[in-house]
Colleague: 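Shown below is the structure under consideration.
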Amino acid sequence: MGYSTGLVCRVCGKRYEESPLYVCEDCFGPLEVTYDYEFLGRKFSPETISRGPNSMWRYWPLLPLQGEPKVGLEVGFTPLFHAKRLGDALGLKRLFIKNDAVNHPTLSFKDRVVAVSVSKAVEFGFDTVACASTGNLANSLAAQATAAGLRSLIFIPADIEEAKIVGTTVYGTEVVAVRGNYDQVNRLCSEVASQYPWAFVNINLRPYYSEGSKTFAFEIAEQLGWQCPDHIVIPVAGCSLLTKIWKGLTELEELGWIPKNKARLYAAQPSGCSPVATAVKNGWDTIKPVKPNTIAKSLAIGNPADGLFGLGAIRQSGGYAEDVSDREIIEGILLLAKTEGIFTETAGGVVVAATRKLVREGRIGKDDLTVLAITGNGLKTQDALVGATRRPSIIDPTLEDFVALEEQKERRQRKNVSLG
Ligand SMILES: *Cc1c(COP(=O)(O)O)cnc(C)c1O
């Protein structure tokens with residue numbers, strides 16, 4: 001049995017029993033999972049958690065399942081490490097990277113939310129799972145639903161990266177590519193969800209789905225020795241990850257497992273789709289939806305479902321937001337690759353580039369403990385780098401050709417020295 005106690009409306013506070021419900025019947029506010037913290041705080045401690053499996057499931061008491069997880073047993077517990085060389089480049093002494101680009105099984109942080117929501121779908125008795133996705137969720141849901149023996153139906157905007165399309169269709173799942181942007185796909189899926197008895201993991205199972213994101217924050221805290229960092233820079237699309245990092249850290253403080261939730265949270269968005277960053281920078285209390293136009297397709301959500309709650313978390317934490325151009329995104333990807341040997345997708349480029357701005361603005365100090373959320377793998381968004389990296393030298397398979405190539409390089413270097 002689990003420790004979640006039901007659902008509560010985040011707006012009016014009305015309580016519900018656990019069910020596949022996602023909006024309040026009274027006020028249409030979004031629902032959130034609640035727990036018996038006092039009870040689980042008496043049964044568990046950082047020591048007992050740390051003896052758990054090397055996966056996100058070591059935090060199962062803080063996840064909304066009543067039984068064992070049904071899928072994704074390997075998900076999570078990805079590396080957190082001191083990124084010294086990137087830190088040197090950005091002027092930060094204590095810069096850490098939380099690297100979900102190597103998450104199991106589909107190389108993004110979405111593996112976390114899918115593992116929880118598909119397990120919950122099985123608990124609720126669904127035989128078909130579905131989602132609206134900008135790509136990474138599609139990959140993960142297709143993979144994990146297949147592994148669980150469930151039927152899956154995936155809705156995507158037709159213009160996402162080819163690698164993310166193939167990375168979904170390969171599992172033999174049903175994929176519907178919609179002529180429209182994510183916000184239109186999402187609206188369509190809400191209508192489909194009201195007509196068909198399917199578990200749309202990020203729509204009608206959203207309260208459970210989004211809880212999976214908390215494990216990203218739990219792992220950061222545990223891997224830092226049950227401490228809270230000073231800053232976390234987070235890529236934002238629907239703003240669920242950011243909102244749940246805040247909830248996760250708040251829970252750890254409430255349980256007394258970290259001294260204090262002192263983390264300042266920063267939303268990182270592409271300038272071509274930055275409704276949350278724009279609201280933060282202008283001090284607005286509402287999110288003005290935008291029409292996305294960016295190479296960071298995983299973040300191209302113009303009307304973020306959790307935008308307002310994310311705004312609240314950013315303000316409460318004392319954080320801020322930054323947005324970066326497509327060119328800066330590519331520079332960010334290249335900087336991380338060339339300093340740390342990590343190839344991240346466009347969302348990671350957004351995070352690195354936004355961090356550089358936050359440092360220059362003096363919001364992040366050089367001695368502060370700063371964590372960058374790297375959430376996806378660069379192998380999936382190679383289209384964005386066409387023309388941005390040096391092409392390989394092409395030669396015939398002869399030693400002569402190779403020697404000629406080396407001599408050419410030496411001549412060029414000598415010329416550069418004499419010019420310099
Ligand atoms: C989905 C996604 C995000 C953002 O997630 P939200 O919770 O919707 O804000 C960040 N990075 C990557 C790589 C993603 O796929």
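Indexing begins at 1, ligand by ligand and atom by atom, following the structure's order.
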Colleague: If you count the atoms of ligand 1 from 1 in the order shown, which ones are under 4.0 Å from a heavy atom of C239?
Modeller: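 With C239 as reference, the close atoms of ligand 1 come out as 6 (P), 8 (O), 9 (O).
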Colleague: Ignoring angles and geometry beyond distance, decide whether I301 reaches within less than 3.5 Å of ligand 1 through its nitrogen or oxygen atoms.
Modeller: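 Min N/O separation from ligand 1 is not below 3.5 Å for I301.
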Colleague: For ligand 1, indicate whether the residue N136 contacts it via side chain, backbone, both or neither (heavy-atom separation under 4.0 Å).
Modeller: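 Side chain only.
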Colleague: Are any of the side-chain nitrogens in K357 or D323 under 4.0 Å away from the carboxylate oxygens of its partner?
Modeller: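 Result for this pair is no, no salt bridge flagged.
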Colleague: Where on L242 is there a heavy atom closer than 4.0 Å to ligand 1, on the side chain, on the backbone, on both, or on neither?
Modeller: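 The answer is neither; L242 stays 4.0 Å or more away.
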Colleague: Please step through ring pair (Phe, Tyr, Trp, His ring centres under 6.0 Å) for the pair Y3 and Y37, ending with a clear verdict.
Modeller: CA-CA 8 Å; Y3 298 87; Y37 295 112; over 10 Å; no
Colleague: Is the shortest distance from a Lys or Arg side-chain nitrogen in K281 or E322 to a carboxylate oxygen in the other one below 4.0 Å?
Modeller: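 A salt bridge is present here (some side-chain N lies under 4.0 Å from a carboxylate O).
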Colleague: If you have a sec, work out which protein heavy atom is nearest atom 8 (O) of ligand 1 and how many Å separate them, to one decimal?
Modeller: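 The closest one turns out to be G238 N, 2.8 Å.
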Colleague: Run the salt-bridge test on D230 and K262 with the 4.0 Å N-O cut-off and return the result as yes or no.
Modeller: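 Salt bridge: yes.
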Colleague: Compute whether any side-chain donor of one residue and acceptor of the other, for E174 and S152, lie under 3.5 angstrom apart.
Modeller: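 Judged by distance alone, the side chains do not pair up.
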Colleague: Give the atoms of ligand 1, by number and element, whose distance to some non-hydrogen atom of S240 is under 4.0 Å.
Modeller: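 Selected atoms, number and element: 6 (P), 7 (O), 9 (O).
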Colleague: Among all protein heavy atoms in this structure, tell me which lies nearest to atom 5 (O) of ligand 1, with the distance rounded to 0.1 Å.
Modeller: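 Looking only at protein heavy atoms, the one closest to atom 5 (O) of ligand 1 is F109 CE2, 3.6 Å.
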Colleague: Quiz question: by atom type and distance under 3.5 Å, do the side chains of S45 and E47 form a donor-acceptor pair?
Modeller: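 Distance-only check passes for S45 and E47.
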Colleague: So is T375 polar-close to ligand 1, meaning N/O to N/O under 3.5 Å?
Modeller: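 Indeed, backbone or side chain, T375 has an N or O that close.
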Colleague: For A347, take its heavy atoms, then give the atoms of ligand 1 lying under 4.0 Å from any of them.
Modeller: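 Result: 11 (N), 13 (C).
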Colleague: Strictly below 4.0 Å, N to O, side chains only: are R10 and D306 in salt-bridge contact?
Modeller: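 Salt bridge between R10 and D306, a charged N being under 4.0 Å from a carboxylate O: yes.
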Colleague: Pick whichever of E345, K110, K244 has a heavy atom sitting closest to atom 1 (C) of ligand 1.
Modeller: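 It is K110 that holds the nearest heavy atom.
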Colleague: So is L241 polar-close to ligand 1, meaning N/O to N/O under 3.5 Å?
Modeller: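 Yes, L241 has an N/O under 3.5 Å of an N/O on ligand 1.
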Colleague: One thing to verify: whether K244 and E211 come together as a salt bridge, which I'm taking to mean a side-chain N less than 4.0 angstrom from a carboxylate O.
Modeller: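 Yes, charged N to carboxylate O under 4.0 Å.
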Colleague: Would you call D306 a ligand 1 contact, heavy-atom distance under 4.0 Å?
Modeller: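 It does not, in that no heavy atom of D306 comes within the 4.0 Å cut-off of ligand 1.
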